[in-house]
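All remarks here apply to the structure that follows.
Within every chain, numbering begins at 1; the chains are lettered A, B, ... in the order of the sequence lines, protein sequences first and strands thereafter.
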Amino acid sequence: MPELPEVETVRRGLEPSLLGRRIKDVILRRPDLRSAFPKNFRQEISGQKVMKLERRGKYILAVLENGEGFGLHLGMSGRIKIQELSRDQDFGLHDHVIFVMEDGVKIIFNDPRRFGQLFKIGPHWDSEKPFAKMGPEPLGKNFLKTGFGVKLKNKKAPIKTALLDQNIVAGVGNIYACEALFDAGISPLKKAGAVSSTQTEKLVRAIQSVLNKAIKVGGSTLRDHRKTNGEMGYFQHYFSVYDREGKACPGCDCNIAKTGGIRRVVQAGRSTFYCPRKQK
DNA sequence: CTACCATCCTGGTTGC
DNA sequence: TGCAACCAGGATGGTA
């Protein structure tokens, strides 16, 4: 489900219940998701207070008072639900992990497809496993100057495929890659290395703009994504190209019967949507 | 190094 | 209506 805007929406939704609060207990209702849960996870996390709640790419990181912490990734279908003051001990289908807070609030990690992750992090998580080589934060201050342009220049893959590479830019997934390329007027088929510096600057602005707009409305809900209070995001209503094959491109007033409208192709096994007239 | 592929899963949608 | 095939927002490890 989640790309950067959805993950950021979830992180913000978690803040009131998690940040500065103490975790009383962790209930693991199965031994693993994508990978096995860390040994002694429950013992090591229980009793700790959450000092920081951060996001890096599509990951949410909780730093605890002992300097250790944990990370989670929502995979394709992960959701976080917050249950206030419920004595109900019956959990729903696919409610795999439950953080029970000191004040009785339950934070539930639900994930039907089980592509999600839950893992431990150390004080220097930033230089560890998935984060060490991860690309820059697109909403960070110096996104363009943090090597994004250079990384693109060295890529032979199409620009769309490059945008999905978390080592080039963190947090962009299929939806926002398509939308950003449309906004920037760049064909997804163009080789990353052939994108000019002017186009790269335009792309940077387009990525930031589309991500910020999506965050503002709670992300995109296609099927699974929900805010922590259960509400849907509604950026899907603003899609220009994603999931709009054959429909009119906003900005093209051409005859759809002749042009076929928005086109869908498959790149690196993923659907790409674009307007061949607006994106060169 | 890069590109491509299969794989981990369930569930919603599509097409016969 | 029933059912099977296909598709999905991601990451990774293997192979060529």
What is the nucleic acid contact for Arg30(A), judged by heavy atoms within less than 4.0 Å: base, sugar-phosphate only, or nothing? nothing
Between dA6(B) and dC6(C), how far apart are the two P atoms, rounded to whole Å? 13 Å
Candidates dA11(C), dT12(C), dC8(B) - which lies nearest the side chain of Pro130(A): dT12(C)
Taking only the P atom of each, what is the distance from dG9(C) to dT14(B) in whole angstrom? 15 Å
Of dG11(B), dA3(B), dA8(C), the nucleotide closest to the side chain of His94(A) is dG11(B)
Nearest to the side chain of Glu3(A), heavy atoms from C-beta on, is which of dG10(C), dA11(C), dT2(B)? dG10(C)
Counting the atoms with a prime plus P, OP1 and OP2 as sugar-phosphate, which does Leu93(A) contact under 4.0 Å by heavy atoms, base, sugar-phosphate, or nothing? sugar-phosphate
Using 30° and 60° as the class boundaries, would you call the ring planes of Phe99(A) and Phe70(A) parallel, tilted or perpendicular? parallel
Check: Tyr59(A) ring centroid to Phe131(A) ring centroid under 6.0 Å: yes
Could you tell me how far apart Asn154(A) (CG) and dA3(B) (C1') are, to the nearest whole angstrom? 16 Å
P atom, dG11(B) versus dT1(C): distance in rounded Å? 22 Å
Quick one: is Arg114(A) getting a side-chain N or O under 4.0 Å of the dT10(B) phosphate, OP1 or OP2? yes
For dA3(B), does OP1 or OP2 lie under 4.0 Å from any side-chain N or O of Lys155(A)? yes
Tell me whether the OP1 or OP2 atom of dG9(C) has a side-chain N or O from Tyr176(A) closer than 4.0 Å. no
Apply the test side-chain contact (heavy atoms from CB on, under 4.5 Å) to residues Glu6(A) and Tyr176(A): give CA-CA distance (whole Å), side-chain angles for both, the deciding distance (0.1 Å), then the verdict. CA-CA 11 Å; Glu6(A) 290 75 35; Tyr176(A) 299 102; 2.6 Å; yes
Nearest to side-chain heavy atoms of Arg264(A), which nucleotide of dG9(C), dC7(C), dG11(B): dC7(C)
Figure out the CG/C1' separation between Asp32(A) and dC8(B), and round it to whole Å. 10 Å
Is it true that Arg11(A) and Glu8(A) have a side-chain N and a carboxylate O under 4.0 angstrom from each other? yes
Determine yes or no for a side-chain-to-main-chain donor-acceptor pair under 3.5 angstrom, with Asn154(A) supplying the side chain and Val150(A) the backbone. yes
Strictly by Watson-Crick or wobble contacts shorter than 3.5 Å, is anything paired with dG15(B), and which nucleotide is it? dC3(C)
Gap between atoms CE and P, on Met134(A) and dA11(C) respectively (whole Å): 7 Å
What integer distance in Å separates Leu74(A):CG from dG9(C):C1'? 11 Å
Residue Ala157(A), side-chain atoms from C-beta onward, closest of dA3(B), dT12(C), dC9(B): dA3(B)
Quick one: Asp111(A) CG to dG10(C) P, roughly how many Å, whole number? 14 Å
Taking 4.0 Å as the cut-off, does a side-chain nitrogen or oxygen of Lys58(A) come that near to OP1 or OP2 on dA11(C)? yes
Quick one: Phe115(A) CZ to dT7(B) P, roughly how many Å, whole number? 12 Å
On DNA chain B, compare the nucleotides closest to Arg34(A) and Arg223(A); which residue's is nearer the 5' end? Arg34(A)
Separation of atom CG in Asp165(A) from atom C1' in dG13(C), rounded to whole Å: 15 Å
Fit a plane to each ring of Phe239(A) and Phe235(A), take the angle between them on a 0 to 90° scale, and name the class: parallel (under 30°), tilted (30 to 60°) or perpendicular (over 60°). perpendicular
Report yes if at least one side-chain N or O of Arg270(A) is closer than 4.0 Å to OP1 or OP2 of dG10(C); otherwise report no. yes
Taking OP1 and OP2 of dA11(C), is either one under 4.0 Å from a side-chain nitrogen or oxygen of Gln166(A)? yes
For the side-chain contact (heavy atoms from CB on, under 4.5 Å) test, which of Ser240(A), Pro250(A), Cys252(A), Ser187(A) pairs with Cys275(A)? Cys252(A)
For a quick test of reading the model: is some side-chain N or O of Thr161(A) closer than 4.0 Å to OP1 or OP2 of dA3(B)? no
Would you say His73(A) places a side-chain N or O within less than 4.0 Å of OP1 or OP2 belonging to dG10(C)? no
How long is the line joining CZ of Arg113(A) and P of dG10(C), in whole Å? 10 Å
